[in-house]
Engineer: 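The structure that follows is given in the form of structure tokens.
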Amino acid sequence: MSESQSILKLYGTDRSTCCQRVKVVAYEKELDLSLEAVDMMGKEHKQDAYLAKQPFGQIPYLDDNGFTLFQSRAICRYIAMKYPNQGTKLLPDASDIKAVSIFEQAINIEQADFDPNASGLTMQKLFLPKRGGKTDEEQLKKHVDGLRMKLDGFERILSKHKYLSGDEISLADLFALPYGTKVEICYPDFFHDSSRPNVRRWWDAISNLIMNLDYQNLLRDLDPVQCTLAPPNRDNCTI
């Protein structure tokens with residue numbers, strides 16, 4: 001922990017993919033992050049005390065010495081901006097307008113094009129069966145086909161530079177890790193299609209981070225229930 005850093009508290013659960021997104025970024029920034037377990041079974045997240053911090057009753061939210069923030073991607077950006085010179089640099093220089101614009105483009109690509117299909121695929125193939133539900137094969141095919149189509153676009157982007165926003169890893173790449181690893185659990189060769197060599201290179205580069213034991217702990221729900229009691233619309237988890 002750096003001399004100026006207080007311990008960040010993240011309220012959520014180990015198995016929440018959204019919490020894992022924040023944990024991955026904190027790890028890359030070499031920050032101490034304390035996960036404060038929320039009792040989802042007991043509906044702690046629907047109680048007044050919790051709703052005062054997270055008005056939608058979802059996980060996670062961050063407490064940084066009294067400053068609270070929710071939405072996992074917003075939390076990650078806050079962390080990266082507050083500690084720009086610690087750990088891995090995950091944001092472009094604010095003065096470089098073109099780099100910032102390309103970064104914003106990459107962030108939106110991950111959230112609008114990658115996440116909906118990756119999370120939908122994972123819900124149908126992994127989470128629903130783990131909860132005793134039944135996979136909707138039509139919905140599963142929709143998300144599988146949708147993600148493949150989006151990866152064709154990723155291939156074009158990644159043919160020009162190493163990562164989604166340039167030649168250095170950024171938040172946009174890390175944001176794809178939690179759901180991407182679960183897609184890979186469902187379909188081990190999904191990111192290794194021979195028609196997308198640059199996607200394969202990119203995925204191998206970011207997923208190799210997970211070979212580190214600490215990363216395995218961060219993304220450890222290899223036999224997961226993302227959020228206990230969460231229905232398919234993910235009402236208990238933020239994006």
Engineer: Would you give the length of the straight line joining atom CZ of F67 to atom NZ of K82, rounded to the nearest 0.5 angstrom?
Structural biologist: 9.0 Å
Engineer: To the nearest 0.5 angstrom, please state how far the CG atom of D113 sits from the CE atom of M149.
Structural biologist: 8.0 Å
Engineer: Is NZ or CZ of R73 both nearer than 6.0 Å to the six-membered ring centre of F175 and within 45° of the ring axis?
Structural biologist: yes
Engineer: Kindly indicate whether the side chain of R77, heavy atoms from C-beta on, has any atom under 4.5 Å from the side chain of I107.
Structural biologist: yes
Engineer: Side chain to side chain contact (heavy atoms under 4.5 Å, CB included) between L164 and S170: does it pass, once the steps are laid out?
Structural biologist: CA-CA 8 Å; L164 290 179; S170 75; 5.6 Å; no
Engineer: List in chain and number order the residues that pass side-chain contact (heavy atoms from CB on, under 4.5 Å) with R196, two or more places apart in sequence or in another chain; answer none if no residue qualifies.
Structural biologist: R148, L151, D152, E155, D193, V199
Engineer: How far does CG of L62 sit from CD of Q71, to the nearest 0.5 angstrom?
Structural biologist: 13.0 Å
Engineer: Roughly how far, to the nearest 0.5 Å, is CZ of R15 from OG1 of T13?
Structural biologist: 9.0 Å
Engineer: With a 6.0 Å cut-off on the ring centroids, do Y163 and W202 count as close?
Structural biologist: no
Engineer: Restricting to non-hydrogen atoms, name the atom on C19 and the atom on L10 that form the minimum distance, rounded to 0.1 Å.
Structural biologist: O-CD2, 3.9 Å
Engineer: For the pair Q124 (side chain) and L140 (backbone), establish whether a donor and an acceptor sit closer than 3.5 Å, ignoring hydrogens and angles.
Structural biologist: no
Engineer: Looking at P178, is its backbone amide N or carbonyl O close enough to the side chain of K182 to form a donor-acceptor pair, meaning the two atoms are under 3.5 Å apart?
Structural biologist: yes
Engineer: Do I206 and I109 sit in the same hydrophobic cluster, where Ile, Leu, Val, Met, Phe, Trp and Tyr count as joined when their side-chain heavy atoms come under 4.5 Å apart?
Structural biologist: yes
Engineer: Okay, side chain of T88, backbone of L90: is any donor-acceptor separation there less than 3.5 Å?
Structural biologist: no
Engineer: List the steps and the verdict of side chain to side chain contact (heavy atoms under 4.5 Å, CB included) for Y83 and L31.
Structural biologist: CA-CA 9 Å; Y83 302 101; L31 300 174; 3.5 Å; yes
Engineer: Once you round to the nearest 0.5 Å, how far does NZ of K141 lie from CD of Q139?
Structural biologist: 12.0 Å
Engineer: Once side-chain contact (heavy atoms from CB on, under 4.5 Å) is applied, do any residues pair with N117, and if so which ones, sequence neighbours excluded?
Structural biologist: H143, L147, K150
Engineer: Is the shortest heavy-atom distance from the side chain of D204 to the side chain of H192 under 4.5 Å?
Structural biologist: yes
Engineer: Is L174 reachable from V100 through a run of I, L, V, M, F, W or Y residues, each pair having side-chain heavy atoms under 4.5 Å apart?
Structural biologist: no
Engineer: I79 versus D64: any side-chain heavy-atom pair under 4.5 Å?
Structural biologist: no
Engineer: Of all residues at least two apart in sequence or in a different chain, which pass the salt bridge (charged side-chain N to carboxylate O under 4.0 Å, His left out) check with K142?
Structural biologist: none
Engineer: For the CG atom of L8 and the NZ atom of K29, what is their distance to the nearest 0.5 Å?
Structural biologist: 12.0 Å
Engineer: Testing the basics here: between A74 and L69, what is the closest heavy-atom pair and its distance to 0.1 Å?
Structural biologist: O-CD2, 3.6 Å
Engineer: For residues P129 and T135, determine if any side-chain heavy atom of one lies less than 4.5 Å from a side-chain heavy atom of the other.
Structural biologist: yes
Engineer: Between Q54 and H45, is there a side-chain heavy-atom distance shorter than 4.5 Å?
Structural biologist: no
Engineer: Apply the test side chain to side chain contact (heavy atoms under 4.5 Å, CB included) to residues R21 and Y179: give CA-CA distance (whole Å), side-chain angles for both, the deciding distance (0.1 Å), then the verdict.
Structural biologist: CA-CA 9 Å; R21 183 177 292 121; Y179 270 119; 4.1 Å; yes
Engineer: Strictly distance-based, threshold 3.5 Å: is any side-chain N or O of D173 a donor or acceptor partner for the main-chain N or O of I169?
Structural biologist: no
Engineer: Give the C-alpha distance, both sets of side-chain angles, the deciding distance and a yes or no for salt bridge (charged side-chain N to carboxylate O under 4.0 Å, His left out) between D14 and K23.
Structural biologist: CA-CA 9 Å; D14 266 331; K23 290 165 67 179; 2.8 Å; yes
Engineer: Indicate the atoms forming the closest heavy-atom contact of K125 with C186, along with that distance.
Structural biologist: CG-SG, 3.5 Å
Engineer: Report yes or no: does D32 contribute a side-chain atom to a donor-acceptor pair with the main-chain N or O of I7 at less than 3.5 Å?
Structural biologist: no
Engineer: Heavy atoms, side chains only, cut-off 4.5 Å: are L51 and F56 in contact?
Structural biologist: no
Engineer: What pair of heavy atoms forms the shortest contact from D115 to Q111, and how long is it?
Structural biologist: CB-O, 3.7 Å
Engineer: How far apart are the closest heavy atoms of P116 and A112, and which atoms are they?
Structural biologist: CG-O, 3.4 Å
Engineer: If you count every heavy atom of other residues, nucleotides or ligands that lies below 6.0 Å from N65 atom CG, does the total exceed 12?
Structural biologist: no
Engineer: Backbone N or O of C18 within a donor-acceptor pair of the S16 side chain at under 3.5 Å?
Structural biologist: yes
Engineer: Quick check: are there more than 12 heavy atoms from other residues, nucleotides or ligands sitting under 6.0 Å from CD of E168?
Structural biologist: no
Engineer: Indicate yes or no: at least one non-hydrogen side-chain atom of L128 is less than 4.5 angstrom from one of K134.
Structural biologist: no
Engineer: Is the distance between the ring centroids of Y50 and Y11 under 6.0 Å?
Structural biologist: no
Engineer: Taking the side chain as everything from C-beta on, heavy atoms only, tell me whether S207 gets closer than 4.5 Å to F191.
Structural biologist: no
Engineer: Passes side chain to side chain contact (heavy atoms under 4.5 Å, CB included), K98 versus D96? Steps please.
Structural biologist: CA-CA 6 Å; K98 291 182 179 179; D96 189 335; 3.9 Å; yes
Engineer: Are W203 and Y187 connected, step by step, through hydrophobic side chains (Ile, Leu, Val, Met, Phe, Trp, Tyr) whose heavy atoms are closer than 4.5 Å?
Structural biologist: yes
Engineer: Side-chain heavy atoms nearer than 4.5 Å, only ILVMFWY residues, links allowed to pass through others: does that put I102 and M81 together?
Structural biologist: no
Engineer: Tell me whether D39 contacts the main-chain N or O of G42 through its side chain, where contact means a donor paired with an acceptor under 3.5 Å.
Structural biologist: yes
Engineer: Might you point out which heavy atoms bring F70 and P55 nearest each other, and give the distance in Å?
Structural biologist: CE2-CD, 3.4 Å
